[in-house]
S.K.: 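Take a look at the following structure, please.
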Amino acid sequence: QVQLVESGGGSVQPGGSLRLSCAASGDSGFTLEHYAIAWFRQVPGMEREKVSCTSGSGASTFYQASVKGRFTMSLDTAKNTVYLLMNNLKPEDTAVYFCVLDPDYTTWCPTIIDWDYWGRGTQVTVSS
């Protein structure tokens with residue numbers, strides 16, 4: 001069973017930065033290298049949207065157009081931890097951010113529709 005725990009959310013002013021972390025764990029032998037990994041976000045009343053994704057096997061990282069150049073996703077496979085560094089935050093980035101995994105790490109991650117494992121999310125609020 002995969003478990004995902006996000007942390008690092010909070011309230012910042014526009015232009016500020018936050019770094020989200022996601023600690024991933026599972027059964028014996030669990031490694032991020034065998035998963036597709038993504039960050040999603042959701043605003044109340046809206047559908048969840050994919051912010052960024054990559055493969056633990058080392059494929060290139062995809063970013064949604066609205067965050068490209070401001071957000072950076074990275075992995076520490078030794079620690080089974082995923083990060084999302086968010087710079088130059090804007091009020092429209094306000095949302096609950098979710099760390100997500102799927103065992104289909106060979107499919108190009110932007111095309112994955114059904115992601116299997118979700119964390120509980122961490123709130124990010126950008127406001128002056």
Side-chain angles (χ1 to χ4, degrees):
Q1 186 70 16
V2 174
Q3 293 186 326
L4 303 169
V5 180
E6 303 97 335
S7 61
S11 296
V12 295
Q13 294 186 338
S17 298
L18 283 173
R19 189 179 79 158
L20 306 183
S21 299
C22 171
S25 62
D27 294 336
S28 176
F30 173 88
T31 172
L32 284 175
E33 294 177 357
H34 296 160
Y35 289 87
I37 305 146
W39 286 97
F40 279 71
R41 66 185 180 186
Q42 187 172 27
V43 175
M46 305 286 285
E47 289 190 3
R48 288 174 177 172
E49 61 176 359
K50 190 180 300 176
V51 175
S52 66
C53 68
T54 191
S55 169
S57 62
S60 60
T61 302
F62 162 86
Y63 294 97
Q64 183 196 94
S66 66
V67 307
K68 202 167 186 178
R70 300 187 297 122
F71 289 13
T72 303
M73 181 177 182
S74 61
L75 311 179
D76 185 334
T77 53
K79 296 181 179 179
N80 283 328
T81 301
V82 186
Y83 302 100
L84 185 67
L85 176 62
M86 306 184 294
N87 293 323
N88 191 21
L89 282 160
K90 304 177 180 181
E92 53 264 40
D93 295 319
T94 296
V96 177
Y97 284 71
F98 298 89
C99 176
V100 185
L101 264 59
D102 192 87
D104 187 4
Y105 66 93
T106 61
T107 296
W108 188 46
C109 64
T111 64
I112 297 174
I113 302 298
D114 296 317
W115 292 75
D116 280 2
Y117 304 106
W118 293 74
R120 292 191 173 188
T122 185
Q123 176 71 46
V124 171
T125 303
V126 185
S127 173
S128 55

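Just so you know, these numbers come straight off a predicted model, no measurement behind them.
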S.K.: Measuring from atom OG1 of Thr61 to atom CZ of Phe71, what distance do you get when rounded to the nearest 0.5 angstrom?
M.R.: 14.5 Å
S.K.: What closest approach, in Å, do Leu32 and Ile37 show between heavy atoms, and which atom pair accounts for it?
M.R.: O-CD1, 3.9 Å
S.K.: Could you give the distance from OG (Ser11) to CG (Leu18), rounded to the nearest 0.5 Å?
M.R.: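 Here the rounded value is 8.5 Å.
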S.K.: Where do Ser127 and Thr125 land on the side-chain hydrogen bond (donor to acceptor under 3.5 Å, both in side chains) test, with the steps shown first?
M.R.: CA-CA 6 Å; Ser127 173; Thr125 303; over 6 Å; no
S.K.: Measure the spacing between SG of Cys22 and CD of Gln3 and express it to the nearest 0.5 Å.
M.R.: 11.0 Å
S.K.: Less than 4.5 Å apart, any side-chain heavy atom of Glu6 and any of Tyr97?
M.R.: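 A side-chain contact under 4.5 Å is absent here.
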S.K.: Does the side chain of Pro110 reach to within under 4.5 Å of the side chain of Trp108, using non-hydrogen atoms?
M.R.: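 Side-chain contact under 4.5 Å: yes.
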S.K.: Quick test of your reading: applying side chain to side chain donor-acceptor pair (under 3.5 Å), list the pairs with at least one residue in residues 42-53, sequence neighbours left out, ordered by first then second residue.
M.R.: Arg41-Glu49, Gln42-Arg48, Glu49-Gln64
S.K.: For the OG1 atom of Thr72 and the CG atom of Leu84, what is their distance to the nearest 0.5 Å?
M.R.: 8.0 Å
S.K.: Under 30°, 30 to 60°, or over 60°: which ring-plane class applies to Tyr35 and Phe30, parallel, tilted or perpendicular?
M.R.: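 Ring orientation of Tyr35 relative to Phe30: tilted.
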S.K.: Clusters formed by hydrophobic residues whose side-chain heavy atoms approach within less than 4.5 Å: which one holds Tyr105, and what are its other members?
M.R.: none
S.K.: Please find the pair of heavy atoms, one from Cys99 and one from Leu4, that lie closest to each other, and give the distance.
M.R.: O-CD1, 3.4 Å
S.K.: Test side-chain contact (heavy atoms from CB on, under 4.5 Å) on Thr94 and Gln123 and set out the steps.
M.R.: CA-CA 8 Å; Thr94 296; Gln123 176 71 46; 4.0 Å; yes
S.K.: Report yes if the side chains of Leu85 and Tyr83 come closer than 4.5 Å at any heavy-atom pair, otherwise no.
M.R.: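 Not in contact.
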S.K.: Could you state the interatomic distance from CD (Glu33) to CG (Asn80), rounded to the nearest 0.5 Å?
M.R.: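 Glu33 CD to Asn80 CG: 8.5 Å, rounded to 0.5 Å.
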S.K.: Give the minimum heavy-atom separation between Thr111 and Thr107, together with the two atoms involved.
M.R.: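 Residues Thr111 and Thr107, closest heavy atoms: OG1-CG2, 3.2 Å.
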S.K.: Evaluate the criterion side-chain contact (heavy atoms from CB on, under 4.5 Å) for residue pair Thr54 and Met73; output intermediate values, then yes/no.
M.R.: CA-CA 8 Å; Thr54 191; Met73 181 177 182; 3.8 Å; yes
S.K.: Does the pair Cys53 and Trp39 meet the rule for a side-chain contact (heavy atoms from CB on, under 4.5 Å), with working shown?
M.R.: CA-CA 6 Å; Cys53 68; Trp39 286 97; over 6 Å; no
S.K.: Do Asp116 and Val2 have side-chain heavy atoms sitting under 4.5 Å apart?
M.R.: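 Heavy-atom side-chain distance check fails, nothing below 4.5 Å.
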S.K.: Give a yes or no on whether Glu92 atom CD has more than 12 heavy-atom contacts from other residues, nucleotides or ligands under 6.0 Å away.
M.R.: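 Counting other residues, nucleotides and ligands, CD of Glu92 exceeds 12 neighbours.
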S.K.: Could you list who else is in Val100's hydrophobic cluster, with ILVMFWY side chains joined at under 4.5 Å, directly or through other members?
M.R.: Phe40, Val96, Phe98, Ile112, Trp115, Trp118
S.K.: Could you pull out the closest heavy-atom pair between Asn88 and Asp93, with the gap in Å?
M.R.: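 Heavy atoms of Asn88 and Asp93 come nearest at O-OD2, 4.4 Å.
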S.K.: Within a strict 4.5 Å, meaning less than it, do heavy atoms of the Val124 and Met86 side chains meet?
M.R.: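 Heavy-atom side-chain distance check passes, below 4.5 Å.
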